[in-house]
Protein chains: 2
Amino acid sequence: MDSECAPDTPFGYDAFRRECMSHTVLEMLASKWVYLVVGALKPGRRRYGELQRKVEGITPKMLTQTLRILERDGLVRREIFPVIPPRVEYELTDLGCNLSDLLNQIRVWAERHAPEIRDSRAQSLAGGDEPAEFRA
Amino acid sequence: MDSECAPDTPFGYDAFRRECMSHTVLEMLASKWVYLVVGALKPGRRRYGELQRKVEGITPKMLTQTLRILERDGLVRREIFPVIPPRVEYELTDLGCNLSDLLNQIRVWAERHAPEIRDSRAQSLAGGDEPAEFRA
DNA sequence: CCGAATCCAAATCGATACTG
DNA sequence: CAGTATCGATTTGGATTCGG
């Protein structure tokens, strides 16, 4: 094993520990752009420009950076076609597909529960807590 | 609906659009500390100090900030006992429990696939790409 | 068309010290 | 015990420019 990770988890890794390898994996996943790019990659092969259009507001810099991280970690495969104009396609690996299913569940959850969360935030702003505190 | 979100999703929200409410939910979830704190909260009620010990390396500042965000969004309930010394307990709401299951799957995924990802990163560093490029 | 490179502003985070 | 306050380091992100 990489280093001393708590042994009370199914696979000998414990993301709660900073030195544990799985902790760094979680850090990698904890990114808005990773969610969205992996989500945009879900059906099949995608070109760079497609991704940029699908993930609204992502800059070339962040898109490239995110794709490089995903490639480095074995979640995405990149294929370059030596033609002019350049053509580069991205595709999820098996590992990436596997992850994609989970991340998409989160995305769907976010979409499904957005209203409740919006309401909760509104209440928070209005000072909506402690029962029966009537402010005239 | 909050604003113009693409209508081609099951719930009328589309996290790929920046102005969409669900996009901000995703931003909230895309945090290492949210993963870990929600994970640490999974079985039942937890005191502040317990959480701090469980989530290795979290500072009081980040722990408080994360808990406040989760409370604001209706995922965590906070109960204060007016005693000395102070006692404060945190608990997932139903919504939070629901989310917790998903986030835990991600955490387990990270733990399970940590070895493959470590290997992939190592290969990346070694320049391990393009087939049959023999570097003497 | 697909990026790489650079610069800079801003937000985030961590460490530490302090309080009721 | 359960936070708050402050400060500096680090990271992040966006805008822009350039090249193959």
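Only heavy atoms go into these numbers, but all of them, side chains included; no hydrogens, no water, no symmetry mates. Throughout, protein chains are lettered first and strands after them, A, B, ... in sequence-line order, and every chain is numbered starting at 1.
- Defining each end axis of the helix from C/dC1-D/dG20 to C/dG20-D/dC1 as the rotation carrying four pairs' C1' atoms onto the next four, with five pairs an end, the two axes are found to diverge by 50° to 10 degrees.
- Here the CH2 atom belonging to A/W33 is positioned 5.0 Å from the CD1 atom belonging to A/I58, to the nearest 0.5 angstrom.
- Atom-to-atom distance recorded for A/K42:NZ and A/R107:CZ is 5.0 Å, nearest 0.5 angstrom.
- Ion pair A/E27/B/K32 flagged as a salt bridge, since at least one NZ, NE, NH1 or NH2 atom sits closer than 4.0 Å to an Asp/Glu carboxylate oxygen.
- With rounding to the nearest 0.5 angstrom, the CD atom of B/E79 is 11.5 Å from the OH atom of B/Y90.
- Here NE2 of A/H113 is found 13.0 Å from CG of B/D73. Values are rounded to the nearest 0.5 Å.
- In this structure, A/R47 does not reach the C/dC1 phosphate: none of its side-chain N or O atoms is under 4.0 Å from OP1 or OP2.
- Formation of a donor-acceptor pair under 3.5 Å by the B/S22 side chain with backbone atoms of A/E111 is not found in this model.
- At whole-Å resolution of the value, CZ in A/F81 and P in C/dC2 are 12 Å apart.
- Atom CZ of B/R121 has more than 12 heavy atoms from other residues, nucleotides or ligands within 6.0 Å.
- Between A/R17 and B/E56 a salt bridge is recorded (basic side-chain N to carboxylate O distance below 4.0 Å).
- Put simply, CH2 on B/W33 is 13 Å from C1' on C/dT12, counting in whole angstrom units.
- Residue A/R46 contributes atom CZ, which lies 13 Å from atom P of C/dC2 at whole-angstrom precision.
- With B/Y48 contributing its side chain and B/P60 its backbone, the two residues share a donor-acceptor pair below 3.5 Å.
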For this session: Please assess B/V25 against A/R118 for the test side chain to side chain contact (heavy atoms under 4.5 Å, CB included), listing each intermediate value before the final yes or no.
Result: CA-CA 9 Å; B/V25 174; A/R118 179 178 44 68; over 6 Å; no
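- Between A/P86 and A/K32, the residue anchored closer to the 5' end of DNA chain D is A/K32, taking for each the nucleotide with the nearest heavy atom.
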Problem set entry | Pair B/I69-B/L75, side chain to side chain contact (heavy atoms under 4.5 Å, CB included): steps then yes or no | CA-CA 9 Å; B/I69 289 172; B/L75 304 170; over 6 Å; no
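- Each of A/R18 and A/P85 was matched to the nucleotide of DNA chain C holding its nearest heavy atom; the match closer to the 5' end belongs to A/P85.
- Here chain B contacts DNA chain D (any atom closer than 4.0 Å to a heavy atom, that is under 4.0 Å), and the contacts span D/dC1 to D/dG14 from 5' to 3'.
- The stretch residues 58-72 of chain B touches DNA chain C through B/T59, B/K61, B/M62, B/Q65, each having a heavy atom within less than 4.0 Å of the strand.
- Atom OH in A/Y48 sits about 6 Å away from atom P in C/dG3, given to the nearest Å.
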